[in-house]
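Being a predicted model, the structure only gives us computed values, none of them experimental.
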Amino acid sequence: MSESISVTPERPPSAPPAAPGPPGRRRRTRNVNVHRRREARTAYVFLAPWFIGLFLVTVGPILASLYLSFTDYSLLEEAEWVGWDNYREMFFEDTRFIQSLKVTTIYVVVSVPLQLAFALALALALDRGLRGLSFYRSIYYLPSLLGGSVAIAILWRKIFGTDGLVNALLSIFGIQGPGWVSDPDTALGTLILLHVWTFGAPMVIFLAGLRQIPQSYYEAAAVDGASKLRQFRSITLPLLTPIIFFNLVLEVIKSFQSFTQSFIVSGGSGGPVDSTLFYTLYLYLKGFKSYEMGYAAAMAWVLLLIIAGLTGVNFLASKYWVFYGDSK
């Protein structure tokens, strides 16, 4: 009877443990780690005021306004939860809200394209190598700095008043002008004109974009017999589309947030006959005149959604008309 013998395979010898590094290298590594931790703590200390401001001044109020938009809150009493009642009243019962939305939409749709067109035309004129270009650029930029101020709004109201400068000039030709800011048919037009007048910021951006277009493109087009208009349509406009898109997004956002002009010119009422009742002005009247802070918070969130939606639409539509140099 044979006897079975089991043979256990030998295990390969394990690798010897790694020899510890020199004491000097370990000490240097430990010092580097300690130094990095100290730098991180220092960075957090210096960033702490910014984080505190972010949560207390920005994030906190945003979340609070979102909560208040679903409440009935008057600043004098505790907020009472009403759910979607503010939004329901806004869209189905409040005719002044619809009027403010209509006025603001007309203001944005008319004033933004006119302002950008005027700014581009002036940038093209300044791009011809005028002497003292920096001086003219500074002068034309001033309206953007002053246009949103209370002083300019008061001056604008005087200029377009019944006895203002515009009617004084018209009287020279025997024309009796109306009270432009007191006439419902022309009051909004004066605010649109004021917005167009603040063309400085987009003009400077357009001028910077024009300076980036290689002159060789125009020289080659001229050799091929292209006219100035053809060069503008085939070279300038396509290469400026990123700048146009940038200015368009900024000006649409800024126009929806316009407040001072309407408040000063209309005396804080949005008149005459709500013809200058901007969205932000009606929000102010609801919140700080009628003390309906919950309703005003709901209006603020609707405005945020409108601006975000239009900005998203602009970005989606940009791929069909904005040309980038690296696009194929």
Side-chain angles (χ1 to χ4, degrees), residues 17-81 83 86-87 141 144-150 200-202 204-205 208-209 212 242-243 245-260 279-280 283-284 286-288 291 293-316 318-319 322 324-326:
R25 181 180 300 176
R26 293 199 304 271
R27 191 178 302 111
R28 284 195 300 269
T29 303
R30 189 163 52 248
N31 292 338
V32 169
N33 293 334
V34 171
H35 181 67
R36 288 177 178 175
R37 286 195 293 269
R38 288 178 179 175
E39 285 186 339
R41 285 196 296 268
T42 303
Y44 290 139
V45 169
F46 281 101
L47 287 174
W50 184 86
F51 280 113
I52 293 173
L54 173 66
F55 287 103
L56 294 183
V57 180
T58 304
V59 177
I62 287 176
L63 296 178
S65 69
L66 179 61
Y67 166 75
L68 291 176
S69 69
F70 295 97
T71 65
D72 181 10
Y73 181 49
S74 64
L75 284 178
L76 304 176
E77 301 175 356
E78 292 187 2
E80 179 183 354
W81 183 267
N86 288 330
Y87 295 93
Y141 187 72
S144 288
L145 297 177
L146 304 176
S149 65
V150 174
V204 171
I205 297 174
Q212 300 302 315
I243 307 298
F245 172 68
F246 176 78
N247 278 329
L248 177 65
V249 171
L250 288 186
E251 291 303 321
V252 167
I253 295 174
K254 186 172 71 173
S255 299
F256 267 103
Q257 297 174 337
S258 296
F259 170 78
T260 306
Y279 192 100
T280 51
L283 189 154
Y284 166 81
K286 277 292 188 181
F288 296 96
Y291 296 105
M293 293 301 297
Y295 193 90
M299 287 188 62
W301 276 93
V302 170
L303 179 61
L304 172 65
L305 294 178
I306 291 173
I307 293 176
L310 290 176
T311 304
V313 169
N314 280 330
F315 272 93
L316 289 176
S318 65
K319 62 182 179 181
V322 177
Y324 295 100
D326 57 350

Requested in this report: Return the set of residues passing side-chain hydrogen bond (donor to acceptor under 3.5 Å, both in side chains) with S69 (not counting sequence neighbours), or none when no residue passes.
Outcome: Y87

Report summary line: In terms of heavy-atom contacts, F245 and V322 come closest through CB-CG2, 3.8 Å

Query raised in the report: What distance separates S258 OG from I253 CD1, expressed to the nearest 0.5 Å?
Result: 12.0 Å

Requested in this report: Report, as yes or no, whether the 6.0 Å neighbourhood of atom CZ on F259 holds more than 12 heavy atoms from other residues, nucleotides or ligands.
Outcome: yes

Query raised in the report: Between K254 and E251, is there a side-chain N and carboxylate O pair less than 4.0 Å apart?
Result: yes

Expected list for residues 56-66: side-chain donor-acceptor pairs under 3.5 angstrom, two or more places apart:
from	atom 1	to	atom 2	distance (Å)
S65	OG	P61	O	3.3
S65	OG	I62	O	2.8
S65	OG	W301	NE1	3.0

**Report entry** Qualifying residues under side-chain hydrogen bond (donor to acceptor under 3.5 Å, both in side chains), relative to Y284, sequence neighbours excluded
**Finding:** none

Report summary line: Scanning both residues in full, the closest heavy-atom pair of Y279 with M299 reads OH-O, 2.7 Å

Result block: side-chain N/O donor-acceptor pairs under 3.5 angstrom for residues 303-316, not counting sequence neighbours:
from	atom 1	to	atom 2	distance (Å)
T311	OG1	I307	O	2.7
N314	ND2	L310	O	3.3

**Report entry** A300: side chain to side chain contact (heavy atoms under 4.5 Å, CB included) partners, not counting sequence neighbours
**Finding:** L283

Identify every side-chain donor-acceptor pair in residues 70-81 under 3.5 Å, counting partners at least two apart or on other chains, and give the distances.
from	atom 1	to	atom 2	distance (Å)
T71	OG1	L68	O	2.7

Query - CZ (R38) with more than 12 external heavy atoms under 6.0 Å - result: no

